[in-house]
Every structure is written in structure tokens, then in C-alpha cells.
There are 2 protein chains.
Amino acid sequence: MPITKTSKEEIIAEALRVFRKKGYYNTSMSDLATQCGLQKGSFYHYFPSKEILMAEILKNVNSYLNTKVFSIAFQDQIAPKERMEKMLIRLGKVLLSQEGGCIAGNTTLETAGQNTIFKAILKNIFTDWTNAMKHIFIEVYSENTAQRLAEQAVMEFEGAVMFSLLFDSDQYLKDVFTRTLGKFK
Amino acid sequence: MPITKTSKEEIIAEALRVFRKKGYYNTSMSDLATQCGLQKGSFYHYFPSKEILMAEILKNVNSYLNTKVFSIAFQDQIAPKERMEKMLIRLGKVLLSQEGGCIAGNTTLETAGQNTIFKAILKNIFTDWTNAMKHIFIEVYSENTAQRLAEQAVMEFEGAVMFSLLFDSDQYLKDVFTRTLGKFK
DNA sequence: GTCTATATCAAGATAGAC
DNA sequence: GTCTATCTTGATATAGAC
């Protein structure tokens, strides 16, 4: 097999940045190609359509979060509070000061009402996220309470990302971190 | 002055619905014209550009919320909890089961990083919203706590709208209502 | 695997008749 | 105030040379 100058993974990483910053509809294939140092025509060698590219990106985000971030929630040998803190710190690196905020939240509000493919993957992302939080909360709270605390935390995170983007401050996100950790003694 | 068959206000109301459901970039002037029962050419008689139309819509939302919803927070003769409840019910009618969720949240995530005109108006909307909530909280909590509770509530609302859209359920929003009212004895 | 060239279509916006 | 017609641009996507 010949060495490929540009890999699918590199394109996915670059395209993710552009989509996160500019949004799905406002990003053109030309934008993406340019960002990858390719001509528009070359770009189609890797992905047959913008929709399929975005779907792959979202699936990629889903598995990245599962393996690199949410998996921390299941390291049961670590105490709940420390485990939550560890996960939040990792999560912060993915959300905090990322240009454009959270691709999952952005794409949900921009496309979830219209694109069933994206919607299915986004549901997975947020469900996995909620379940990870719940798995930690459940060690200190009842099943129902843990579920609601987890949902509440994720929703607050997304709201905080929105505020952070709008008011150009990371403080809102940091406050949510503090509040979430405050749920543990 | 001759009677106008279509008024600017009617267009703003219709366009708001379309933008909320389809998003800013994914909505075409043709979509908007059709929804208003006009030809594309006729539509430009009322608004010179899509951007200016959206800006007017957001300003309209801002003043609507201020006069019809957030003003409730300042009806100081009503007890804090009841006042909050009254405002939340009104807010629910604007956010709950509205096709497309919250135009302010949607437009923030879709455009706030790129369009300074929209961003300025959106900041006003969320600041006014936060201040209204704070005005009620401050009767029961300290200045700082009231500020953070207000921000937290608004952020949770926006996160809940996102979940409601994604999982096709109003429950998340209702839970936030309950939690917010729970802050009062 | 990358390029240039191009087909096709829809978008934002304008002109001018009625 | 509404219409039809049109201009111009930029979008997605494809074809085929290198």
C-alpha cells in the first residue's frame, strides 16, 4: 500500500475544528478542503458527501469521549469525588477554551430537528455522557437522584458552554465544575 | 396610507418560526417568503437582507421577553416563589413544545462566534433573563448567591431545551422548573 | 492521491412591470 | 405592494488528466 499523504483521521480532526467553529451549514466543502491543504476535488476522494463526513466526525467524537473521558467514571477503585474531578478535568480540556465550544451541543441545536442520522449519534453521545456521570453519582445517591443529578450536570454544562461562547469567559464552565463536585462531600 | 396586506410584524412572527425550526444558515429567503405567502422578490420589499431580518427578529424577541415575561420578576407585591412560578409558566409557553426550541439559544450556538450584530442582541437577551431571575432570588439569597443561582437557572434551561429537542420530551424542561422553584421554601 | 475543469443547482439580492 | 425575470455568486458534487 502506498503511503497516503493525508489520512482520513487527519481530515476528521481538521474538519471537526472547522465545523465546531463555523457550524454545519455555514461550513463549505471548500472551507474544509482549504483547512486540510487540499483542493475541493481532492477532498471528495476521502468523503463522498458533507453529511457523511459530519456523521463520521460525530461517531468519532462519541468513541473518543467513551474511551478517553467517560471511561474514567468506571474506574471504580478511585473514590467518587476524585473520579468525578478527574473526569471533569479531562472534559474541561475537550470543552474549555476550545474554539467554538462543544460540537455535540452546537450540532444538536443546529441540525437535530432535521437530520435523523446526526440526531441518532448525538443521542448516543449525550446518553453515554449522562450514564457516565450517573455511574459516579449512584455511589452516593439513589438511582433516581443519580439519574437526575447526571442529567442536570450535563444540561448545565451545555448551558455553560453557551454562556462561555456568548460572554467570552470560561468562568461559567468552571462554576459548573465546582457545583458538580460540590454534590460530593 | 394605504392598507398593507402583509405587515412587517406578521413577517417577523412567521420568520421567527422558520428560523427557530430550521436555523439561520439553513433557512433561505425563499423558505421565508413561501411561509409568508409571498414571492421572493416581494419579500425584499420588507427587509433588505436576511441578516437585517434576523437582527430585527432577535430585537423583537428581546423586547417581547422584557415586557411580557421578565417584567413579571419585578412585580414586587407578589411573593418571590409565586412570582418565580408565574414567570416560569409564562416562559414555558415560549419555550416548551415550541417547534425548534429557543431561538436565542439556537442562534447563539449557530452564529454568535461569527456575527457580532446577533451576538450583541443575544447578550442582551440572556443578560435581561439572568437579571430577572436574580431580582427574585435576591429577596431570599445574598447578592452573589442570587447572581449565581440566576445564571445557573438560565444555563440549565438552555441545556434542558437542548435535551428536550434531542430526546423529544418536555420532561427535562419541567424538571428544571421544579428545581428552580425548589430554591424557594 | 491530487489536481484542474466543469456540471448543476440554489442561494442572496436587484430591476422593473403591473 | 406584489409579481416575474434575471443577475451574480457560491455551493455540492463529478469527470478525467496526471
Side-chain angles (χ1 to χ4, degrees), chain A residues 1-58 100 103 106-107 110-111 113-118, chain B residues 1-58 100 103 106-107 110-111 113-118:
Chain A
M1 263 208 304
I3 297 161
T4 61
K5 225 178 175 179
T6 306
S7 71
K8 258 185 124 170
E9 283 67 35
E10 285 176 307
I11 289 184
I12 285 180
E14 280 304 319
L16 165 58
R17 286 191 198 172
V18 183
F19 277 132
R20 192 175 51 215
K21 190 179 171 187
K22 299 196 59 177
Y24 178 70
Y25 293 113
N26 191 39
T27 296
S28 71
M29 291 301 259
S30 179
D31 290 334
L32 297 167
T34 302
Q35 190 63 28
C36 295
L38 290 171
Q39 289 300 319
K40 219 181 0 168
S42 315
F43 198 82
Y44 280 90
H45 173 72
Y46 296 95
F47 295 94
S49 77
K50 188 176 160 181
E51 189 181 32
I52 287 176
L53 168 58
M54 181 53 122
E56 290 228 26
I57 290 174
L58 293 177
I103 187 75
N106 296 353
T107 310
E110 193 183 358
T111 74
Q114 301 158 82
N115 189 304
T116 54
I117 302 170
F118 298 170
Chain B
M1 264 208 304
I3 297 161
T4 61
K5 223 176 176 181
T6 306
S7 73
K8 259 186 124 170
E9 284 68 34
E10 284 175 308
I11 289 184
I12 285 180
E14 280 304 319
L16 164 59
R17 286 191 197 172
V18 182
F19 277 131
R20 192 175 54 215
K21 189 178 172 186
K22 298 196 59 176
Y24 178 70
Y25 292 114
N26 191 38
T27 296
S28 71
M29 291 300 259
S30 180
D31 291 333
L32 297 168
T34 301
Q35 191 63 29
C36 295
L38 289 171
Q39 289 300 319
K40 213 173 22 160
S42 315
F43 197 83
Y44 280 90
H45 172 73
Y46 295 94
F47 295 94
S49 78
K50 188 176 160 180
E51 190 182 31
I52 288 176
L53 167 59
M54 182 54 122
E56 290 225 29
I57 289 174
L58 293 175
I103 186 77
N106 296 354
T107 311
E110 193 182 359
T111 74
Q114 303 159 79
N115 187 305
T116 54
I117 301 171
F118 297 169

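Heavy atoms only: backbone and side chains are in, while hydrogens, waters and symmetry mates are out. Numbered from 1 within each chain, the chains take letters A, B, ... in sequence-line order. Note that the structure is a prediction, hence the values are computed from the model and not measured.
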Measure the distance from [atom1] on [X] to [atom2] on [N] and round it to the nearest whole Å.
{"X": "Leu32(A)", "N": "dG10(D)", "atom1": "CG", "atom2": "C1'", "result": "15 Å"}
{"X": "Asp31(B)", "N": "dA13(C)", "atom1": "CG", "atom2": "C1'", "result": "16 Å"}
{"X": "Phe43(A)", "N": "dA5(C)", "atom1": "CZ", "atom2": "P", "result": "21 Å"}
{"X": "Leu53(B)", "N": "dA13(C)", "atom1": "CG", "atom2": "P", "result": "10 Å"}
{"X": "Ile52(B)", "N": "dT14(C)", "atom1": "CD1", "atom2": "P", "result": "10 Å"}
{"X": "Glu10(A)", "N": "dG1(C)", "atom1": "CD", "atom2": "P", "result": "13 Å"}
{"X": "Gln39(A)", "N": "dC3(C)", "atom1": "CD", "atom2": "P", "result": "5 Å"}

Distance-only criterion, 3.5 Å: show the donor-acceptor pairs between side-chain atoms of residues 33-40 of chain A and protein atoms not counting sequence neighbours.
from, atom 1, to, atom 2, distance (Å)
Thr34(A), OG1, Ser30(A), O, 2.8
Gln35(A), NE2, Glu14(A), OE1, 3.3

* Asked: Given side chains that start at C-beta, do those of Tyr25(A) and Thr111(A) come closer than 4.5 Å, heavy atoms only?
  -> yes
* Asked: Phe47(B): what forms a ring-ring contact (aromatic ring centres under 6.0 Å, His included) with it, not counting sequence neighbours?
  -> none
* **Phe43(A): partners by ring-ring contact (aromatic ring centres under 6.0 Å, His included), with sequence neighbours left out** => none
* Classify every nucleotide of nucleotides 12-18 of chain D by which part a protein heavy atom approaches to under 4.0 Å, writing B for the base, S for the sugar-phosphate alone and - for neither, in 5'-to-3' order. => BBB----
* Below 4.0 angstrom from OP1 or OP2 of dG1(C), is there any side-chain N or O of His45(A)? -> yes
* Residue list, side-chain hydrogen bond (donor to acceptor under 3.5 Å, both in side chains) with Ser28(B), at least two apart or on another chain -> Asp31(B)
* To do: Please name all residues satisfying salt bridge (charged side-chain N to carboxylate O under 4.0 Å, His left out) with Lys50(B), sequence neighbours left out, ordered by chain then number.
  => none
